[in-house]
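Counting from 1, the numbers follow the sequence of the chain as shown.
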Amino acid sequence: MELGRLAVVTGIPSHGKSEVVDFILTKLNLLYGWKVGYFSPENYPIKYHFAKVMPKLVGKEFKAGYISQSEYEYAFDYINSNFYFIYPEDDMTFENILEKAKYLVKKRGIKVLVIDPYNKIEHTKNRGESETEYISRFLDKLSTFAKTHSVLVVLVAHPTKMKKELT
């Protein structure tokens with residue numbers, strides 16, 4: 001992984017794409033200090049995302065009897081200092097998300113922006129623009145953001161449910 005790039009993650013529905021992204025980014029944070037900004041409305045409220053990241057930091061399940069109070073406090077403080085969350089409940093437009101991400105780059109020093117998932121963003125196609133043209137423009141904007149701000153942008157694209165084959 002390197003900064004200034006766009007990485008698109010996709011795969012079979014319900015096979016752990018978001019978990020893998022969280023795992024990789026937690027390790028990049030621990031190894032290189034890369035702070036992470038998340039737009040991940042499926043993990044709202046934030047405590048749900050904390051509960052997913054915490055085991056990746058302490059190496060234990062996030063359940064009573066598995067994680068000690070001191071491990072919990074350490075992980076909670078660590079997450080608060082290294083992982084930031086974008087939840088624009090009233091405006092989930094792409095432009096607003098990037099504006100909030102730009103703030104996190106400048107004020108918090110994030111090196112990674114995660115958009116998970118693509119389909120939770122309010123998309124606005126230009127008049128007469130095909131879906132393919134829109135997606136190309138969208139990806140170009142993400143790539144430009146990554147280069148301009150020297151961050152790794154991770155876009156998680158969750159496909160629609162797969163159809164079962166009839167035999």
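Counting heavy atoms from C-beta on, the side chains of Arg137 and Asn126 come closer than 4.5 Å. The shortest distance between side-chain heavy atoms of Leu142 and Leu155 falls below 4.5 Å. Between Val21 and Asp116 the shortest side-chain heavy-atom distance does not fall below 4.5 Å. The side-chain heavy atoms of Phe62 and Ile67, taken from C-beta on, include a pair separated by under 4.5 Å.
By the side chain to side chain contact (heavy atoms under 4.5 Å, CB included) test, Ala146 is found to be paired with Val153, residues two or more places apart in sequence or in another chain being considered. Every salt bridge (charged side-chain N to carboxylate O under 4.0 Å, His left out) that Glu61 has, sequence neighbours left out, goes to Lys63. Qualifying salt bridge (charged side-chain N to carboxylate O under 4.0 Å, His left out) partners for Glu19, counting only residues two or more places apart in sequence or in other chains: Lys52, Lys56. Listed by chain and number, the residues in a salt bridge (charged side-chain N to carboxylate O under 4.0 Å, His left out) with Lys125 amount to none (sequence neighbours excluded). Applying the side chain to side chain donor-acceptor pair (under 3.5 Å) criterion to Arg108, with sequence neighbours excluded, gives no partner residue. Every side chain to side chain donor-acceptor pair (under 3.5 Å) that Glu133 has, sequence neighbours left out, goes to Ser130. Annotation: side chain to side chain donor-acceptor pair (under 3.5 Å) contacts of Thr132 (sequence neighbours excluded): none. Under the rule for a side chain to side chain donor-acceptor pair (under 3.5 Å), the partners of Lys60 that lie at least two apart in sequence or sit in another chain are Glu71. For Tyr118, the ring pair (Phe, Tyr, Trp, His ring centres under 6.0 Å) partners are His123, Phe138, not counting sequence neighbours. Applying the ring pair (Phe, Tyr, Trp, His ring centres under 6.0 Å) criterion to Tyr74, with sequence neighbours excluded, gives Tyr78. For Glu122, there are no salt bridge (charged side-chain N to carboxylate O under 4.0 Å, His left out) partners two or more places apart in sequence or in a different chain.
You'll find the ring centres of Phe50 and Phe85 inside the 6.0 Å limit.
For the atom pair CD1 (Ile97) and CE (Met92), the distance works out to 6.0 Å, reported to the nearest 0.5 Å. With rounding to the nearest 0.5 angstrom, the OG1 atom of Thr148 is 10.5 Å from the CG atom of Leu98. The distance from atom CG of Leu25 to atom CG of Leu30, rounded to the nearest 0.5 Å, is 11.0 Å.
Within the structure, the salt bridge (Lys or Arg N to Asp or Glu O under 4.0 Å) test picks out no pair touching residues 31-51 (sequence neighbours left out).
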Item to check | Steps toward side chain to side chain contact (heavy atoms under 4.5 Å, CB included) verdict (Val36, Val154) | outcome: CA-CA 10 Å; Val36 181; Val154 179; over 6 Å; no
Next on the checklist: With side chain to side chain contact (heavy atoms under 4.5 Å, CB included) as the criterion, how do Ile115 and Lys120 come out once you've worked through the C-alpha distance, each side chain's angles and the decisive distance to 0.1 Å?
Outcome noted: CA-CA 9 Å; Ile115 297 176; Lys120 290 292 183 179; over 6 Å; no
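Counting non-hydrogen atoms of neighbouring residues, nucleotides and ligands closer than 6.0 angstrom, the CZ atom of Phe23 reaches no more than 12 such neighbours.
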